[in-house]
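Here is the naming used below: chain letters follow the sequence lines, and residue numbers restart at 1 for every chain.
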Protein chains: 2
Amino acid sequence: MLQYQEKLDAVFHALADPARRQMVEQLSRGPASVSQLAEPLAMTLSGVVQHLAVLEASGLVRSQKVGRTRTCTLDHNAIHPAEQWLTQRRTAWEKRLDRLGAYLDATKEEDEQ
Amino acid sequence: MLQYQEKLDAVFHALADPARRQMVEQLSRGPASVSQLAEPLAMTLSGVVQHLAVLEASGLVRSQKVGRTRTCTLDHNAIHPAEQWLTQRRTAWEKRLDRLGAYLDATKEEDEQ
DNA sequence: TTGATACTTAAGTGAATGCTTCAGTATCAG
DNA sequence: CTGATACTGAAGCATTCACTTAAGTATCAA
């Protein structure tokens with residue numbers, strides 16, 4: 001099992017490619033087979049399979065094979081840590097901006113006195 | 001100016017590296033100079049400057065030089081699209097799960113009648 | 001003016017990425 | 001049994017990445 005930091009590495013890396021994001025986008029609308037994922041992409045099936053491996057390694061996508069078709073599904077649990085990481089950094093920064101704004105306002109009032 | 005997809009590429013790519021995430025984390029607590037960013041990292045200053053270039057290219061970080069020190073700040077506006085992209089995919093998938101659950105519940109009720 | 005500080009830039013290197021082609025192996029449909 | 005379908009896996013290749021070293025250039029402090 002990957003550690004937290006390595007998971008974030010893997011998830012952000014997986015999402016840094018437009019083809020992989022398109023695959024995730026399609027999977028967010030429902031499960032799909034490998035060829036269904038490949039269909040809208042200007043790329044060989046082999047290429048798609050390699051992107052799929054990256055997505056699976058990151059935990060974003062799971063798949064299971066029944067007969068000759070592999071069906072892929074999104075795992076929203078893998079999205080959450082990355083989403084949360086972003087939210088935390090953004091809100092930390094915004095809170096800091098707020099405090100700075102309040103400080104500047106207070107200073108301004110003092111000047112006016 | 002980068003297009004939306006290219007921005008997402010750049011932001012997710014920038015965040016896929018632990019050193020760069022650590023820099024963003026530090027900057028979320030307040031502005032910092034290049035050497036302050038470098039200090040906690042086991043890497044030459046040159047390496048840090050290159051990571052900084054990636055962060056600036058993604059729009060996540062802005063910087064300006066005064067005298068001989070460059071001060072870097074986080075840009076929360078650049079975080080938002082990535083955060084939103086993740087939220088949208090996750091919620092789309094979760095809504096789908098809910099609908100599926102409701103359908104299965106309904107089917108089960110029919111079975112029991 | 002001299003030395004320390006704070007970057008900056010270029011060049012090099014090994015590893016990882018994002019593809020491709022080609023040659024398979026199962027599985028299903030008739 | 002025989003194609004067609006749905007992948008699978010290995011090899012190759014150009015590009016990008018994540019560093020390093022080395023040699024700068026400004027700026028500030030005394």
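Taking every side-chain heavy atom of A/R20 into account, C/dG18 is the closest of C/dG18, C/dT8, D/dC17.
B/V54 and B/L15 fall into different hydrophobic clusters, where Ile, Leu, Val, Met, Phe, Trp and Tyr side chains are chained together by heavy-atom contacts under 4.5 Å.
For residues 34-56 of chain B, proximity to DNA chain C is found at B/V34, B/S35, B/L45, B/S46, defined as any non-hydrogen atom under 4.0 angstrom from a strand atom.
Closest heavy-atom contact between B/C72 and B/L37: SG-CD1, 3.9 Å.
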Enumerate all atom pairs, one protein N or O and one N or O from nucleotides 24-30 of chain C, separated by less than 3.5 Å.
{"unit_1": "C/dT27", "atom_1": "O2", "unit_2": "A/R68", "atom_2": "NH1", "d": "3.2"}

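With a 6.0 Å cutoff to the six-membered ring centre and a 45° limit on the axis angle, A/R89 does not count as a cation-pi contact of A/W93.
The CE-P distance, from B/M23 to D/dC19, rounds to 11 Å in whole Å. When the P atom of C/dT17 is taken as reference, atom CG of A/D9 falls 10 Å away, rounded to whole Å.
Between B/H13 and D/dC17 there is a side-chain N or O to OP1 or OP2 distance below 4.0 Å. B/K65 has no side-chain polar atom (N or O) that falls below the 4.0 Å cut-off from OP1 or OP2 of D/dT27.
The main-chain N or O of A/R29 is found under 3.5 Å from a side-chain atom of B/R96 such that the two form a donor-acceptor pair. Looking at B/Q36, its side chain never comes within 3.5 Å of a backbone N or O of B/Q26 through a donor-acceptor pair.
Going from atom CD of B/Q84 over to atom CD of A/E83 covers 10.5 Å, rounded to the nearest 0.5 Å.
Side chains of B/H76 and A/R90: no donor on one and acceptor on the other come within 3.5 Å.
End-to-end axis angle of the helix from C/dT1-D/dA30 to C/dG30-D/dC1, from C1' rotation axes over five pairs per end: 30° (rounded to 10 degrees).
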